[in-house]
Amino acid sequence: MSSPPGGFEVPLWRALAVFRVASLGYVCVLSVRDADRYAHPYAAGALVLVMIAWTTATAIGYARPAWRRWPLLLADLGVVVAIVLSTPWVVGRTALAHGVPTLGVAWMAGPVLAWAVSGGRRRGTVAALVVAGADLATRERIGQSSFTGVILMLLAGVVVGHVARLAVAAEERLQRAVELEAATRERERLARDIHDSVLQVLALVQRRGADLPGEAGDLARLAGEQEAALRALIAGTATPGGSDADTVDLRSLLGRYASSAVSLSAPATPVSLPRQVAGDLAAATGAALDNVGRHAGGRAWVLIEDEGTTVTVSIRDEGPGIPDGRLTEAADQGRLGVSQSIRGRVTDLGGTVRIISAPEAGTEIELTVPRARR
């Protein structure tokens with residue numbers, strides 16, 4: 001099952017709500033303790049009530065993904081800045097000069113964390129600078145302790161924003177992995193279900209009816225085309241994962257060669273190879289099939305065998321075979337299809353090429369490569 005949108009961010013929003021409630025409790029304790037030192041204690045009490053109401057409103061608002069937008073974020077920042085800027089009048093500059101804490105204290109970090117969770121480091125830094133600037137504006141004298149609060153605010157915005165972006169990136173990667181796994185499982189299930197039934201029937205119809213005249217021959221031809229299309233589908237021609245994947249399913253590359261004249265047989269599970277290895281092996285297979293089309297005609301059969309540490313692709317035809325010495329003669333004449341396009345590619349991969357041929361008995365070429373390029 002895929003995670004819901006913003007699933008990894010939910011704990012961060014919940015933690016933010018807990019922080020705001022806890023910091024509000026601290027504000028309430030300080031306001032009760034220092035009420036007799038405030039210049040306007042009743043106004044301080046009214047602001048505490050506003051802070052309680054706003055904490056409740058933001059807890060409800062941020063709990064809903066649709067509300068985590070600019071209107072609520074800007075309102076949150078504006079309410080907190082307004083409360084911070086009212087501190088000199090409510091608390092009194094004399095009380096502030098004698099060490100009475102500002103009215104907002106830790107509670108004013110709430111919008112900084114909200115902006116950081118919603119938009120990352122940059123947004124968190126902007127909110128921290130705005131709140132810190134408002135806090136510094138309330139002080140007659142700015143000392144080391146004032147800058148310590150500013151630095152802590154900036155660190156909170158940067159660190160929480162970074163963690164929030166990591167959570168979003170992790171969720172996106174998990175979603176892609178879940179989708180890829182689901183697609184792979186479904187393709188493998190389809191391959192298991194039809195590999196030993198439908199494909200064999202279509203191949204049998206094509207073979208038995210290939211030489212029949214009239215509609216029977218047309219039916220055999222259509223059966224062969226459907227067999228090729230179905231093999232390409234279950235082989236995963238449209239393999240998920242994107243072009244930046246480190247490995248590729250060899251079946252998806254060889255599936256493009258399947259047709260009514262070329263029968264492809266492959267394992268029901270992916271044959272994963274490094275992208276370069278799979279590409280060169282597929283190119284060598286294509287060169288071999290080109291030779292079949294030019295010199296042998298008729299049908300060809302391609303078989304993929306996954307042997308763990310190595311992968312073998314066999315190409316077999318029913319043509320006249322290759323006379324002894326013919327490959328050497330072709331190389332001497334400058335026709336390098338087998339020596340370069342096939343044997344050269346496979347040799348560069350650290351693999352081997354085995355050619356088995358006899359007059360009037362067809363030709364079989366086995367291309368074996370290691371799973372990792374040497």
Side-chain angles (χ1 to χ4, degrees), residues 227-228 231-232 234-239 241 243 245-358 361-374:
E227 178 204 2
R231 285 189 183 277
I234 67 173
T237 301
T239 302
S243 60
D246 294 332
T247 61
V248 66
D249 188 352
L250 180 63
R251 303 177 307 169
S252 68
L253 298 182
L254 297 189
R256 70 186 66 170
Y257 299 121
S259 66
S260 59
V262 178
S263 177
L264 174 66
S265 298
T269 55
V271 183
S272 298
L273 288 173
R275 181 168 293 276
Q276 182 63 42
V277 175
D280 287 346
L281 182 55
T285 303
L289 290 173
D290 287 341
N291 285 339
V292 171
R294 286 198 302 268
H295 304 298
R299 285 184 56 81
W301 290 265
V302 178
L303 172 65
I304 304 175
E305 298 177 274
D306 189 345
E307 299 164 326
T309 57
T310 61
V311 172
T312 298
V313 176
S314 302
I315 305 97
R316 181 171 61 86
D317 64 59
E318 52 185 11
I322 303 176
D324 292 339
R326 181 58 180 156
L327 295 179
T328 302
E329 178 184 347
D332 293 339
Q333 293 175 355
R335 298 199 296 268
L336 305 178
V338 173
S339 63
Q340 293 295 331
S341 298
I342 300 176
R343 196 183 301 276
R345 280 193 174 100
V346 175
T347 301
D348 287 344
L349 297 175
T352 59
V353 177
R354 183 166 173 255
I355 301 177
I356 305 169
S357 182
T363 302
E364 181 174 0
I365 301 177
E366 291 185 355
L367 314 176
T368 302
V369 298
R371 212 167 201 97
R373 188 168 186 173
R374 297 174 185 171

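Just so it is clear, the structure is predicted and the values come from calculations on it, not from any experiment. Side-chain atoms are counted along with the backbone in the values below, which use heavy atoms only and exclude waters and symmetry mates.
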**OP:** State which residues pass side-chain contact (heavy atoms from CB on, under 4.5 Å) with Ala282; sequence neighbours excluded, sorted by chain then number.
**Re:** Leu253, Leu254
Original post:
To the nearest 0.5 Å, what is the distance between CZ (Arg299) and OG (Ser259)?
Top reply: 8.0 Å
**OP:** Just jot down the side-chain contact (heavy atoms from CB on, under 4.5 Å) partners of Ala288, sequence neighbours excluded, or say none.
**Re:** Ile315, Ile342, Ile365
Subject >> Distance, nearest 0.5 Å, that separates CD1 of Ile356 from CZ of Arg316 >> reply: 11.0 Å
Original post:
Hey, are the side chains of Ile355 and Arg343 touching, using non-hydrogen atoms and a 4.5 Å cut-off?
Top reply: yes
Original post:
Would a distance-only check, ignoring hydrogens and angles, find a side-chain to backbone donor-acceptor pair under 3.5 Å from Asp249 to Ser272?
Top reply: no
Original post:
Hey, are the side chains of Glu318 and Trp301 touching, using non-hydrogen atoms and a 4.5 Å cut-off?
Top reply: yes
**OP:** Show the numbers, then the answer: is there a side-chain contact (heavy atoms from CB on, under 4.5 Å) between Arg371 and Leu273?
**Re:** CA-CA 6 Å; Arg371 212 167 201 97; Leu273 288 173; 3.7 Å; yes
Original post:
Got a second to check how far Asp317's CG is from Ser357's OG, nearest 0.5 Å?
Top reply: 7.5 Å
Original post:
Rounded to the nearest 0.5 Å, how far does OG1 of Thr285 lie from CG of Asp290?
Top reply: 11.0 Å
**OP:** Could you check if a side-chain atom of Asp280 sits within less than 4.5 angstrom of a side-chain atom of Asp348, using non-hydrogen atoms only?
**Re:** no
Original post:
With a 4.5 Å heavy-atom cut-off, do Arg275 and Thr247 have their side chains touching?
Top reply: no
**OP:** For Thr312, enumerate each residue passing the side chain to side chain donor-acceptor pair (under 3.5 Å) test, keeping only those at least two apart in sequence or located in another chain.
**Re:** Glu307, Thr368
